[in-house]
Amino acid sequence: MHFHLEKDCRAESDCPILSLSWMGRVPNELIEQEGSWRLNRSSYYQEGWLATGNARAIAGVTFTSSHSRKHTDLPVRTNYNLRGHRSQIVLVRWNEPYQKLATCDSSGIIFVWIKYEGRWSIELINDRSTPVTHFSWSHDGRMALICYQDGFVLVGSVAGQRYWSSNLRLSSNIVCGTWTPDDQQVFFGSLTGQLVVMDVHGAMVSNVTLLEGVPVLEMSWNCEKFKMEERDDTTAGSGKRRQLVLAVSFENGLIHLMNSYDDVLPVVVRTGLLGIKMEWCNSGELLAVAGQRLDGDSTPGVFTNLVHFYTSQGERRYISRLPCRTCGVTALTWGHNGRRLFIATGAMVHVAWIGRRVAPLQLLCRLSIKDALATEEATALLPLPRRVKLQLAGLFSPTLRSHIPDTGCLRQFIAQPPDGSTRLHCTMIRNEDDFVTSSAMYTLYLEHFGGLIPLLKGKRTSKIRPEFIIFDPSVSGDAEPRPILTVAPQREATAAPPSDSSDTEEERCHTPRTARRRWRRRAERETAGEDEPAAEPPELRYQPGSATLAQVTSNIWGTKFRVLGVAPNVAPDLGQISYKTSLLHLQPRQMTLVMTELSRRRCAAGSSAGLPGTRRGSRDDDRDERFRHRPSQASVGGSEAGARPCRTGVSLSLSRPAAAESPPPPPPSRDRGRAPVIAADTDDEAAAAPELDHLRESLLRMKHEMDAKMRPEPPPDPVSSKVRVLNGLNALASPRRAARSQSVNRADRARCHVVSHGRTGDAAAGGDLAGRRTSSAPAGEPALGGAVPPTSRPEPTPAAGGGSQMEAIKFIDDDGEDERPVAPRIPPNRSQSLNFISGHGVTLDMVAETASAPRSRVVLIPRPSRRLKRVKSHSLGAAPSGRLGDWLTDSGAVRQKKQPPPTGTPAGAGRAAVLHAEAAVRAKLRVPEELRGCHSSPVTPVARRKERKATGTPPISRRLLSSPLLCRRRMPSSTESSEDESAEVTRSQPFTSLESLQRSQVRNKLRRGIRDSSQAPEGAAAPSPPTQRRQPPCRQLIMHNIAPLWNESSQVYQLDFGGRVTQESAKNFQIQYCGDQVMQFGRIDGNAYTLDFQYPFSAVQAFAVALANVTQRFK
Amino acid sequence: MSEGAEKMDEDPQYGGCEGPDATYVKLRSSDNHEFIVKREHALTSGTIRNMLSGPGQFKENETNEVTFKEIPSHVLQMVCMYFTYKVRYTNSSTEIPDFQIDPKVALELLMAANFLYC
């Protein structure tokens, strides 16, 4: 075997880690089927979550990856700090089949966490107010075993139901428990070296003394930790199955390897270690044992930590020494199916790479070279072939992946917005430790690994005005790139109440007075009830007189703030914050931010945003809004014609039928011409030439169809709708269309996510659920969706809809829906999430479906199919050959054909469309086998099977998919897309909410700014002379806070903080930029706030905004 | 070089490097050093295995001698030591020591290992 330690500073928390547990990651996009997620074994174990329980009552859940590539797509959030416990967390245990996490603290409270909609929330609470000594999930994940210090043992279900409990009145305490591999018995180890055996119903079976008077530490069988495969033939494999071994570790460093509890001749392993932590690797071949050497240095406080590996026969395979000498080993766990070993020594977690075989010479050489190199960048300079270099660089890729500053780059890190859609989750804590001036100090910490990494520190400078300075972080000593961590002994509970990440409740903004009252109440409660000394978060140690990085200045009223950069590495003008003055505090705060965009790269992207590349690069359709005008510029003018004649041709041929069919007002007609160009514009160069002919042909053909369809009566007539469906069939079945969709598919690789939903959506409810832009571009139907003039949208008249099959399907759908119960209305206060719903409607309710079934399990597919893996690796839209795409259309055709000829009844057709959509969604899961055959064969049993599955889905999702409500709801979005051209349109429009007003204003300002030859738009600030800002170094972005919604029933303003905010406060806010919530700030404790932000905020700016907000006074 | 004489001196019970079933093979470095190693050990390297057991297009197949024009002797020596290490500790249940690599030769050794596919 082979073992080497990873050198990674990330694997460090700010307080001792007492427990570790690792679990594979279920991809977000994976949707369960038949109550379980089906996963490919090899890919499942490549990514995972490492749970840490630490002494500061926070459980960390951190993403780990064993990919050697550094920039694999990380999940949206790579770290969760789960707050809720009030004393140190002694145990964390994943339940892998059910994807739950159990955490136990030293006071005996057990939480079971479950992840739902991207956040972890407490599902179960168990509090017996007796310390828990052990917690263990059964191997099938269905049961849990809890041992208490007083000899009480309990077996319950994963859902929280108690099966049995018993008070073992032994002479000594129970310290650990374990399940037998078949989950039929539970074993307990006691302080006096006894082994107690009970069966699964709680009946005592046996009581054996293993080592008289020597406390048992841990027990574990060398079976798989969890049975992830649902095998029916449990007896079939048993013949070749190896003998399972129970390892029992004792305090004196002995380990007994026993075949059963009454094994009279156990293999005795003398490890020579103290404080043993051990765990079998998942395959059961190796037992990792870590501890402190018995005969080590006698000096107190110096530890010699060793890791031993033993085979199941008790032979020692390998010994390694851990570098940490200040703490003993506190926890150990295997990860990534035996490829990684995590060992915690105090606050540090050592990540070891394990190879089961003798390492290849290449790897040994690479490691030797790696040790000699200082940084990963140095590999580029080595005289090695590229492939070898890449392999070498792969060794540098950390197992723990997080968006945390690299060593030495803190200064850069805080001055630039995080990349892409990365969101930083921070905590801001007020620490009044500056006794000299008694001014408030605030520290901004990045949440990581269950701990906090200090980023920035700010101090209030003025007694009267809310003015602050922010210190420059890297002045604290250049020799040490990482800020030094010290733990101040001040007692202040930073743990939030258990309701912290609780899911359902919406956080509230309230009047400050009630909030204050609450804090007082809370503070009283804390001082009265708690005597658990919770440690203070780490401190950024600045040298006295350290340099200032930025200043926050204010007017005397505290309503206008400026953030000024002082240090040379930040821009002099970082931004401004202005609050709308309100005398009576009756209204929620309204703030306007003018932020300087700090990232140079982003700046460049912004100026050249008209290029398709930038669109591809940007994250999602919402964000794209701000670039939306640019393709239109290109298409309206004829300048594009010279460069790309074919494309303009397409757009013309498209606009002609559109203009002919209905007499629209001039601006919408321009719109129509434009929409396809948007699609074509994002097209790849490669995809353009040969396929354009097809494209044009099929478009012409479709034009004929359209003309044909112009004639029939409005959709309510079943006959006409039949015609349409048939037309639709033709188009769907046409191979050309398939080819075209393929090209579009490939072109929109960047937006593949949207595209895929668009595709499913457009068949369902005619794409109302899909993003607006999606419907115009990748749906491939000419002049559709967003391009349809808004005036003609509200009523599905044939004039508007005559354009395409897709529309036809939609209308039929609508008709069908009229007879059904109306879908539950989305309450108006969900307007924020509406974008999300409309963009991802399909996935959304699939996810809801997933989450609503708590009994769903993770099941690994025993034999990984290669095809499945390939499909998994590409997302739907990005399937390289577009085969998936045309497979979908083909299957769509199949589906439609399978409908009996009289599809004319509107309801039936609507249902068909919906079925198709759902089938398509499901198809994403089960693509593998069908990929091949389905190409040409029109009727396959596969399709039928899928149909059956589709009918099995709950009717609510179907209703939602095809709800006429959503259809209407999309309307305003289409106006938004057209308003780029005519700003006046938006002005004249009545605004439904403050939010929409703000958004439109921002957009107007932005647009104006770009029109003025990219002069920076200045909002509240005095506009600088345009002449000297021809080419501004940085853009300035105007943002507003999201208006909270008034809840009539509870009489509070509400905002959804996604579980990150636990206390209501008038200071809580969210900032919106281009339709995205890009920053949120809220109170979690009397002196602690969470601060989450992403592009365009840098840490300095976000911190400044938070500081300006936190002491803000209105006079 | 007197490789012929050397071979004659060897005790026949250890087998020689000749014939299709020879126990030993000869690896020749770029600076003309010869390393006579057990065939079983040399087969650790995928490249050598292909050369020695391929369907006859290599002349090495007959002569049991492989010349590496790119690998100097101080690297080939490490390679041969690795062969022994690998064979010794594969499928054994004894404790595995670390295989020490001098950082000075690590780059060359990596290139050689990459070529030899071991």
Side-chain angles (χ1 to χ4, degrees), chain A residues 1-5 257 267 269 271-272 285-287 289 306-321 352-374 378-379 381-395, chain B residues 27 29-30 35 37-38 40-51 66 68-118:
Chain A
M1 66 155 281
H2 174 67
F3 169 98
H4 79 267
L5 282 172
L257 299 176
V267 177
V269 178
T271 60
E285 288 169 21
L286 283 176
L287 176 71
V289 180
L306 296 176
V307 197
H308 292 199
F309 293 90
Y310 295 93
T311 62
S312 56
Q313 286 83 39
E315 290 142 342
R316 189 159 70 196
R317 282 295 266 160
Y318 192 77
I319 292 186
S320 182
R321 183 191 286 248
W353 299 35
I354 311 284
R356 241 171 269 165
R357 283 186 233 148
V358 177
L361 184 57
Q362 297 187 59
L363 176 62
L364 294 170
C365 294
R366 285 200 293 266
L367 285 172
S368 172
I369 295 169
K370 183 197 157 219
D371 288 342
L373 293 177
T379 55
L381 307 171
L382 293 174
L384 289 172
R386 193 170 162 272
R387 194 171 58 88
V388 180
K389 264 190 215 171
L390 284 178
Q391 287 171 339
L392 185 56
L395 284 181
Chain B
L27 308 179
S29 68
S30 64
F35 297 85
V37 296
K38 272 192 171 164
E40 177 205 356
H41 291 197
L43 295 188
T44 302
S45 153
T47 310
I48 295 178
R49 185 171 51 234
N50 288 342
M51 285 169 143
V66 188
F68 299 106
K69 295 235 167 58
E70 308 281 325
I71 304 178
S73 58
H74 65 282
V75 175
L76 196 55
Q77 177 197 359
M78 292 295 289
V79 172
C80 293
M81 284 163 72
Y82 173 76
F83 289 161
T84 319
Y85 172 83
K86 164 98 183 206
V87 172
R88 167 71 184 80
Y89 294 107
T90 298
N91 298 326
S92 86
S93 55
T94 48
E95 196 176 326
I96 303 176
D98 282 327
F99 184 76
Q100 298 297 336
I101 293 174
D102 185 0
K104 286 179 211 144
V105 297
L107 269 180
E108 286 174 286
L109 191 56
L110 175 58
M111 289 305 294
N114 187 43
F115 170 73
L116 291 172
Y117 200 72
C118 62

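The analysis underlying the following values was restricted to heavy atoms, covering all of them including side chains, and did not include hydrogens, waters or symmetry mates. This structure is a prediction, so every number in the text was calculated from the model and none was measured. The chains referred to below are lettered A, B, ... by the order of the sequence lines, with proteins before strands, and numbering in each begins at 1.
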[X] portion near chain A, given a 4.5 angstrom heavy-atom threshold:
X	result
V79(B)	both
F83(B)	neither
S92(B)	both
Y82(B)	side chain

Practice problem: Could you pull out the closest heavy-atom pair between E315(A) and S93(B), with the gap in Å? | Solution: OE1-CB, 3.1 Å

Quiz item: How far apart are the closest heavy atoms of V358(A) and Y85(B), and which atoms are they?
Solution: CG1-CE2, 3.6 Å

[X] vs [Y] side-chain heavy atoms within contact, under 4.5 Å:
X	Y	value
P103(B)	I369(A)	no
P383(A)	M111(B)	no
Y89(B)	M1(A)	no
F3(A)	D98(B)	no

Quiz item: Quick one: does R317(A)'s side chain have a donor or acceptor within less than 3.5 Å of a partner on T94(B)'s backbone?
Solution: yes

Exercise. Report the C-alpha separation of N114(B) and R387(A) in whole Å, then their side-chain angles, then the decisive distance to 0.1 Å, and conclude whether the side chain to side chain contact (heavy atoms under 4.5 Å, CB included) test is met.
Key: CA-CA 10 Å; N114(B) 187 43; R387(A) 194 171 58 88; 3.3 Å; yes

Self-check item: Proximal component of I319(A), with respect to chain B [non-hydrogen, under 4.5 Å]
Solution: both

Quiz item: Is there a side chain to side chain contact (heavy atoms under 4.5 Å, CB included) between T90(B) and R357(A) once you walk through the steps?
Solution: CA-CA 7 Å; T90(B) 298; R357(A) 283 186 233 148; over 6 Å; no

Quick one: [atom1] on [X] to [atom2] on [Y], what's the gap to the nearest 0.5 Å?
X	Y	atom1	atom2	value
T311(A)	E95(B)	OG1	CD	11.5 Å
L107(B)	S368(A)	CG	OG	8.5 Å
L364(A)	C118(B)	CG	SG	9.5 Å

Quiz item: For the candidates I96(B), T44(B), I101(B), which exhibits the highest count of non-hydrogen atom pairs separated by less than 4.5 Å from chain A?
Solution: I96(B)

Self-check item: Stepwise side chain to side chain contact (heavy atoms under 4.5 Å, CB included) test for L361(A) and F99(B)
Solution: CA-CA 9 Å; L361(A) 184 57; F99(B) 184 76; 3.9 Å; yes

[X], [atom1]: over 12 other non-hydrogen atoms inside 6.0 angstrom:
X	atom1	result
Y117(B)	OH	no
N91(B)	CG	no
K389(A)	NZ	yes

Practice problem: Considering only heavy atoms and a distance below 4.5 Å, find which of Q362(A), H4(A), Q313(A) pairs most often with chain B. | Solution: Q362(A)

Quiz item: Looking at D371(A), V388(A), L392(A), which makes the most heavy-atom pairs under 4.5 Å with chain B?
Solution: V388(A)

